[in-house]
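Worksheet: the structure to be examined is printed underneath.
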Amino acid sequence: MMGRLGPFFVSCLLAFTAGHMFNYTVILYLQEAVGSDLLSGIGFGLAFGSSIVFGWFAGVVCDRVPPHRVIHAAQALFLAGLACLWWAQSEASPPTRVGWVLGGAFLGGLAWSFVGPARLTTLAQMARPEELRPATIIFNLQVLVGFGLAPLLIGMVRSHAGWGSVIALAALSFVLASLLIANLHTQANATPSGNSVMADIGEGFRVVGADPLLKQLMLAAVLGYAMTGPLQILLPKLARDILHLSELQRGAYLGLLALSLITGGVTALMVSKRVHHGSVMFGGIVAGCLVFASLSQIGSVALSATALAGVGVAGGMVISLVVSGIQARAPVALRGRVMSMYSITSQVVPALSGVAAGALVNAVGVTSAIQVSGLLLASIVALAAWRMARLRGYCGAI
């Protein structure tokens, strides 16, 4: 499998690393060069939250058009967005700089809306049926590794050069990602029906709603990603205000989360054929939420780091099993639309839960916010496990 799919997986790693570099560049540039946390938040919303608007259309396109073409088009949009960022930091006058950055962020948001479902749809056409589940877990690993590598690469490049070099590295990565799959050919999933785009989107909702397991896997994705927003918002404040870590120590502490997510994904790949998937999904989310809540009471840095690693491993396992289950369950003719729903969940839910966590920490402080977030979500997942009998009994076989 790796021999045939290896170039595609390397292309995924390059593209997702460059995509997260794009996001971090938008956020950090607006924070540091422009000096506005508000604009930074708007930029992140444009770069990663646009799929709530465009992701539904992206799913239809991935079914109507050969998905490898959609990948190339999405990566061209990323390059156009990077060109806007380059112009903003090198040529634009100060009054127009913010406009160029936000315009670039919007193009990046369009690209994110399409690239996830297009790559997942392409993978389903490349992998043999018996390979689809492990191949999807490996795909998810590329997403997690890219998420962890992006800030590290930005830090390394910026320590020796400026934003221009960061942008150039991201652009080169996208170009190489496209070259690696230049000879790849796929086909449209859906037979032309003459339906409108809205009708095709509605068909996707009907198919997911009519399949109890697929619907509950989607809900599990929502529950799994709901904790990522509080993690991203509250952990930096925990490291600074409660653990009193230095800047370098905070970077290592937060980097541990990315490493443990990757470890969880690798673990899922190793044990996916030997564990009961429904139990691992519900148990992993509940355990991760409870351990996260306990971080508010831990004053030891070593113990806190160990607990955080446990949260990350549980999260990496759960998300890897969920996405592989959705991929295996999705009907071929509607795979683009189904996987776009998952991609929208993976981008929008963290943003919304992060906003909620930000409001909570402003109201009650970081210690109480961590407790409330972890315990509340654990309670919701426990209730969901009681109500979602089909997923609770899901052993992993389709």
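All values derive from a computational prediction rather than experimental measurement.
- A salt bridge is absent between Arg335 and Asp63; no separation between the charged side-chain nitrogens and carboxylate oxygens falls under 4.0 Å.
- The CG atom of Leu144 sits 10.0 Å away from atom CG of Leu257, with the distance rounded to the nearest 0.5 Å.
- Glu130 CD: more than 12 foreign heavy atoms inside a 6.0 Å radius.
- Contact check on Arg206 versus Glu203 returns no salt bridge, with no Lys/Arg side-chain nitrogen under 4.0 Å from an Asp/Glu carboxylate oxygen.
- In this structure, Leu295 and Ala307 approach most closely via the heavy-atom pair CD2-CB, 3.7 Å.
- The aromatic rings of His68 and His185 stand perpendicular to each other, their planes meeting at an angle above 60°, with 30° marking the opposite boundary.
- Residues Leu149 and Met21 are not in side-chain contact: their nearest non-hydrogen atoms beyond the backbone lie 4.5 Å or more apart.
- With contacts defined as side-chain heavy-atom distances shorter than 4.5 Å, the pair Phe292/Ile370 qualifies.
- Exactly one of His277, Gln216, Lys215 qualifies for a side-chain contact (heavy atoms from CB on, under 4.5 Å) with Leu391. That residue is Gln216.
- Residues Leu308 and Ser260 have side chains not in contact (no heavy-atom distance under 4.5 Å, counting atoms from C-beta outward).
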Practice task
Take Val61 and Phe57, measure what side chain to side chain contact (heavy atoms under 4.5 Å, CB included) needs, and give me the verdict at the end.
Solution key: CA-CA 6 Å; Val61 171; Phe57 175 70; 3.6 Å; yes
Exercise for the section: For Ser373 and Leu360, run side chain to side chain contact (heavy atoms under 4.5 Å, CB included): C-alpha distance rounded to whole Å, both residues' side-chain angles, the deciding distance at 0.1 Å, then the answer. Expected result: CA-CA 9 Å; Ser373 297; Leu360 185 61; 3.7 Å; yes
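- To the nearest 0.5 Å, the span separating CD on Gln125 from OG1 on Thr186 amounts to 5.0 Å.
- In the hydrophobic clustering of ILVMFWY residues, with side-chain heavy atoms under 4.5 Å counting as a link, Leu259 and Val313 come out apart.
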Problem - side chain to side chain contact (heavy atoms under 4.5 Å, CB included) between Ser294 and Gln371, worked out - result: CA-CA 7 Å; Ser294 74; Gln371 287 179 329; over 6 Å; no
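- Between the CE atom in Met227 and the CD1 atom in Ile285 there is a gap of 9.5 Å [rounded to 0.5 Å].
- Taking the six-membered ring where tryptophan is involved, the planes of Phe139 and Phe8 are essentially parallel, since the angle between them stays under 30° and well short of 60°.
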Practice task
Kindly indicate, with the supporting measurements, whether the criterion side-chain hydrogen bond (donor to acceptor under 3.5 Å, both in side chains) is fulfilled by Ser279 and Arg392.
Solution key: CA-CA 6 Å; Ser279 298; Arg392 192 173 64 245; over 6 Å; no
Problem - Trace of the side chain to side chain contact (heavy atoms under 4.5 Å, CB included) decision for Tyr342 with Gln327 - result: CA-CA 9 Å; Tyr342 168 78; Gln327 176 78 289; over 6 Å; no
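- A pairwise comparison of heavy atoms in Tyr394 and Met281 identifies CE2-CE, 3.9 Å as the closest pair.
- Across every non-hydrogen atom of Thr121 and Pro67, the tightest pair is CG2-CG, 3.9 Å.
- Below 30°, between 30° and 60°, or above 60°: for Phe147 and Tyr24 the angle between ring planes is between 30° and 60°, a tilted geometry.
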